[in-house]
Undergrad: 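Structure below; questions to follow.
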Amino acid sequence: MLRRTFCHLPGVGPHTETRLWEAGISTWDDLPKAPVGVMPPAKLERLRAGIAASEAQLARGEVHPFVQGLASQHHWRVFPTLRSAVAYLDIETTGLGSPGDIITTIAVYDGQQVLHFVNDQNLNEFPKVIEKYEMLVTYNGKCFDVPFIERFFDIRLEQVHLDLRYILRQLGLGGGLKGCEKALGMDRHDVAGLDGFHAVLLWHEWAKHGWQRSLDTLLAYNVADTINLEALMVYAYNHLLCETPFAAVETVPNGVAPDNPFQADPATVARLLSSAW
DNA sequence: TTGATTGTTCACGGCGATTC
DNA sequence: GAATCGCCGTGAACAATCAA
């Protein structure tokens, strides 16, 4: 979809891009044969120069300049290009970001393997590991996960970042991550019903009593979020494609969801979900 | 409850086409 | 060549939303 995009260039908005597509200019390669009258000659010349520059950037593997010129509601278009270097990311913390709140666990799924990081164990390895990914996919990560990580580790995450919250909202799916999963019939298996507040409680149980079952349940919950992010990303991409003329030729396949390496403790989940809490 | 981000709406300005 | 008009991109302001 990247090479069908024109609205990353100055002076080109959605209207102009749609007009180009309708005129048969489906990819950058079609630009030389643009029909007379599709746009003023001077503008067409600037467009050609812009596309030539974009071609050069992509040839050098530079996607960032391309994304910077693209309005955020179109960032989903780079997904297939960077899919092999995507990290689906989710963090758990002790709160919403008040002073003193810390990151307890981080789960990263890259489409192949699941990585997890635990405070006081291997959390300090996270900045080095996340460096190798070129794109982050989160839910509400622009407001919560990424700013929290940047403050906590005092680092900058420079990757292309897709926040599914806004993309799914465009498609009429709201109600938080769990709401979106429910609307799409996605199963959360043994962590169904748990939410972020339960994750805080599980961490306190682990920290205070050292209960392994509490940490395992927390990690099962954390990892489940990241695994489901891939399916949500593919759903969003394929549905947004339907708003372009290219749905039939650009659709991406679903990934194969891995088994969650952590299992929630049923008794712990039942206790958390009971009225006592 | 807080703060950051986004989409939506609206107004403005630039640019090109048209008319005289 | 100048004046006018209309299209479209851009930016500001505001409301809505979501995370643990």
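Residue numbering restarts at 1 for every chain, and letters A, B, ... go by the order of the sequence lines.
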Undergrad: Are A:Arg4 and A:Glu17 ion-paired here, with the side-chain N under 4.0 Å from a carboxylate O?
TA: no
Undergrad: So does A:Arg19 get a side-chain nitrogen or oxygen closer than 4.0 Å to the phosphate oxygens (OP1/OP2) of C:dC8?
TA: yes
Undergrad: Here's a test of your reading of the structure: between A:Ser72 and A:Asn140, which maps to the more 5' nucleotide of DNA chain B?
TA: A:Asn140
Undergrad: What does A:Asp90 touch in the nucleic acid at a heavy-atom separation under 4.0 angstrom: a base, only the sugar-phosphate, or nothing?
TA: sugar-phosphate
Undergrad: Considering only C:dT10, B:dT5, C:dG9, which nucleotide approaches the side chain of A:Pro14 most closely?
TA: C:dG9
Undergrad: Taking only the side-chain nitrogens and oxygens of A:Arg169, find out if one of them lies under 4.0 Å from OP1 or OP2 of C:dC18.
TA: yes
Undergrad: Which part of the nucleic acid, if any, lies within reach of A:Gly174 when heavy atoms closer than 4.0 Å are counted: base, sugar-phosphate only, or nothing?
TA: sugar-phosphate
Undergrad: Figure out the CD/P separation between A:Gln73 and B:dG7, and round it to whole Å.
TA: 5 Å
Undergrad: Base, sugar-phosphate alone, or nothing: which one does A:Phe148 contact when heavy atoms must sit under 4.0 Å apart?
TA: nothing
Undergrad: In whole angstrom, what separates A:Phe144's CZ from B:dT6's P?
TA: 17 Å
Undergrad: Starting at CG of A:Asp163 and ending at P of B:dA4, how long is that distance when rounded to a whole Å?
TA: 15 Å
Undergrad: On DNA chain B, does the nearest nucleotide to A:Tyr166 precede the nearest nucleotide to A:Leu96 from the 5' side, or the other way round? Give the residue.
TA: A:Leu96
Undergrad: Rounded to the Å, how far apart are A:Lys142 NZ and C:dC18 C1'?
TA: 14 Å
Undergrad: In whole Å, I'd like the distance from the CZ atom of A:Phe197 to the P atom of C:dA19.
TA: 16 Å
Undergrad: Any strand counts, and the cut-off is 3.5 Å on both contacts for Watson-Crick or G-U wobble. Which nucleotide pairs with C:dC7?
TA: B:dG14
Undergrad: On a heavy-atom basis, which atom in A:Tyr109 and which in A:Ala257 lie closest, and how many Å separate them?
TA: OH-CA, 4.4 Å
Undergrad: Measure from CG on A:Asp145 to C1' on B:dG3 and round the result to the nearest Å.
TA: 14 Å
Undergrad: Give a yes or no on whether a salt bridge exists between A:Glu131 and A:Arg156, defined as a side-chain N under 4.0 angstrom from a carboxylate O.
TA: no
Undergrad: Using atom NE2 of A:His15 as one end and atom C1' of B:dG16 as the other, report the distance to the nearest whole Å.
TA: 17 Å
Undergrad: Of all the choices, B:dT6, C:dC8, C:dA20, which nucleotide is nearest to the side chain of A:Ala199 once you look at every atom?
TA: C:dA20
Undergrad: How would you label the contact of A:Gly97 with the nucleic acid (heavy atoms, under 4.0 Å): base, sugar-phosphate, or nothing?
TA: nothing
Undergrad: Under 3.5 Å for both donor-acceptor distances, Watson-Crick or wobble: does B:dT1 have a partner, and if so which one?
TA: none
Undergrad: Any chance the rings of A:Phe6 and A:Trp21 have centres within less than 6.0 Å?
TA: no
Undergrad: Under the criterion side chain to side chain contact (heavy atoms under 4.5 Å, CB included), which of A:Val108, A:Val191, A:Thr104, A:Thr105 is the partner of A:Asn222?
TA: A:Thr105
Undergrad: Taking only residues two or more places apart in sequence or in another chain, which ones pass ring-ring contact (aromatic ring centres under 6.0 Å, His included) with A:His74?
TA: none
Undergrad: Starting from P on C:dA19, measure out to NZ on A:Lys178 and report it in whole angstrom.
TA: 7 Å
Undergrad: Assign A:Thr16 to base, sugar-phosphate, or nothing according to its heavy-atom contacts below 4.0 angstrom with the strands shown.
TA: sugar-phosphate
Undergrad: Looking at the side chain of A:Glu92, which of B:dT6, C:dA20, C:dA19 is the nearest nucleotide?
TA: C:dA20
